[in-house]
There are 2 protein chains.
Amino acid sequence: MPETDRLLLPEELPDRLMEVFNLVGPLYRRVQRKIEQDAARGVPVGVRAVLDLLREHGPMTVPQLGRSQALSRQFVQRMVNEAAARGLVESTPNPAHQRSLLIGLTPAGRDAIGAVVEREHALLRQTDGSLTDADVTACVRVLSQLLDLFKDVDLGNAKPPQV
Amino acid sequence: MPETDRLLLPEELPDRLMEVFNLVGPLYRRVQRKIEQDAARGVPVGVRAVLDLLREHGPMTVPQLGRSQALSRQFVQRMVNEAAARGLVESTPNPAHQRSLLIGLTPAGRDAIGAVVEREHALLRQTDGSLTDADVTACVRVLSQLLDLFKDVDLGNAKPPQV
DNA sequence: TCAGACATGACACCTAAGGTGTCATATGGC
DNA sequence: GCCATATGACACCTTAGGTGTCATGTCTGA
């Protein structure tokens, strides 16, 4: 890679990164709406998110779920309760912390999220095929760094710097 | 770039792209919250979005604004009205379409969005400096393709396929 | 060992982003 | 000139997601 692989200077960074943000907004909204449609007959967006996390990472506690997706623990709790009410999720004792239960998928939950993800995968397979491994890796790198920049934006009951 | 630059196979695409989505959500939310904080003393998120678009593309009509950000025209209209009420934006006759007015920034609006963007740029300059031009370009490519995938997700008063 | 800081769950309440439905009017193409 | 369509305006709604607070439980460190 010749010229283009050079590091971006601090002066050019902001404008370039803005290009990214200008895509993130519309993308997020459209995906949200797409999921809502799919959800018409089932899983609300928030519940879907919880199920998907449990599917990928195995059982987790509510606060862990919240942190991993930058959502308040209270909100996640509601989604988990909702999912539990539908029998998609169940809590089991947490060996590490007795108070904080581990939330895990039930077989029904695993089926439900499996079906949803399968439909989504079908959609994603329809990209035009010109994306390279390096593209996606770079994209992930960029987004991760941006996310990092906003790390400090706290929520839920995160403690304000207790001076 | 040896191996990594190869095209992704349809089978691997979905999982790789999911990595991207898993970052887009948290990022969107955190940025939204960050802007809200900044907005505490002024510009709501939606208004900020409108002003920013006008700043980059010059005067546009309300429906154009909506389409370009995947927002319903009604919602954008409200944001524009709000901005107009604050004197940040003004409508001028549209030579091309008489009914649909062109929305443009007032000097006050230009100042306001300029200040906001300046603060944001300051933040963005703080990335750790390891991003290359190619990274950002790839990221934009990936996000654009994804956005394209969801192009069909219609909203506002878009017509359902009038068979 | 026990006091105080911190984490968790539960519940109530709130904000606002963003959509939907619908009307009247104005366009613009055929 | 007529009909589909786009626009603006207004009313209403959904729901994602946050905040405040309490009681209880857990952890840490002096």
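Residue numbers start from 1 in every chain, and the chains themselves are labelled A, B, ... in the order their sequence lines are given, proteins ahead of strands.
- Taking atom CG of residue B:L65 and atom P of nucleotide D:dG8, one finds them 10 Å apart after rounding to whole Å.
- Taking the side chain as every heavy atom from C-beta outward, B:Q69 and A:R29 approach each other to under 4.5 Å.
- Within the structure, every side-chain polar atom (N or O) of B:R73 is placed at least 4.0 Å from both OP1 and OP2 of D:dT7.
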Using side chain to side chain donor-acceptor pair (under 3.5 Å), reason through A:Q145 and B:S130 one step at a time and then give a plain yes or no.
CA-CA 9 Å; A:Q145 290 231 0; B:S130 71; 2.9 Å; yes

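- Nearest nucleotide to the B:R33 side chain, out of C:dG18, D:dG17, C:dG9: D:dG17.
- For the segment residues 56-63 of chain B, residues with any heavy atom less than 4.0 angstrom from an atom of DNA chain D are, sorted by number, B:V62, B:P63.
- Taking 4.0 angstrom as the limit, A:Q74 places none of its side-chain polar atoms (N or O) nearer than this to OP1 or OP2 of D:dG18.
- A straight line from CZ of B:F75 to P of C:dT20 spans 13 Å, rounded to a whole angstrom.
- Salt-bridge annotation for B:R33 and B:E36: absent, with no side-chain N of the basic residue lying under 4.0 Å from a carboxylate O of the acidic one.
- Here B:R125 pairs with B:E118 in a salt bridge; the nearest charged N to carboxylate O distance falls below 4.0 Å.
- Distances shown here put a side-chain N or O of B:R29 below 4.0 Å from the OP1 or OP2 atom of D:dG17.
- The side chain of A:R78 contributes no N or O atom lying less than 4.0 Å from OP1 or OP2 of D:dG17.
- Across A:L13 and B:L124, no two heavy atoms sit closer than the pair CD1-O, 4.3 Å.
- What separates CD of A:Q77 from P of C:dA7 is a distance of 16 Å, to the nearest Å.
- In this structure, B:Q32 atom CD and D:dG17 atom C1' are separated by 11 Å, rounded to whole Å.
- Atom C1' of nucleotide D:dT15 and atom CZ of A:R48 are separated by 17 Å, given to the nearest angstrom.
- Among B:L146, B:L17, B:L7, the single residue meeting the side-chain contact (heavy atoms from CB on, under 4.5 Å) criterion with A:L131 is B:L17.
- Regarding A:E82, its CD atom lies at a distance of 16 Å from the C1' atom of C:dC11, rounded to whole Å.
- Looking at A:R78 and A:E82, no side-chain N of the basic residue comes within less than 4.0 Å of a carboxylate O on the acidic one, giving no salt bridge.
- Distances shown here put every side-chain N or O of A:Y28 at or beyond 4.0 Å from the OP1 or OP2 atom of C:dA17.
- Rounded to an integer number of Å, the gap from B:R30 CZ to D:dA16 C1' is 17 Å.
- The separation between A:L101 atom CG and C:dT8 atom P is 11 Å, rounded to whole Å.
- For the pair A:S100 and D:dT26, the criterion of a side-chain N or O lying under 4.0 Å from OP1 or OP2 is not met.
- Two residues, B:G46 and A:N81, neighbour DNA chain C, and the one matched to the more 5' nucleotide by heavy-atom proximity is A:N81.
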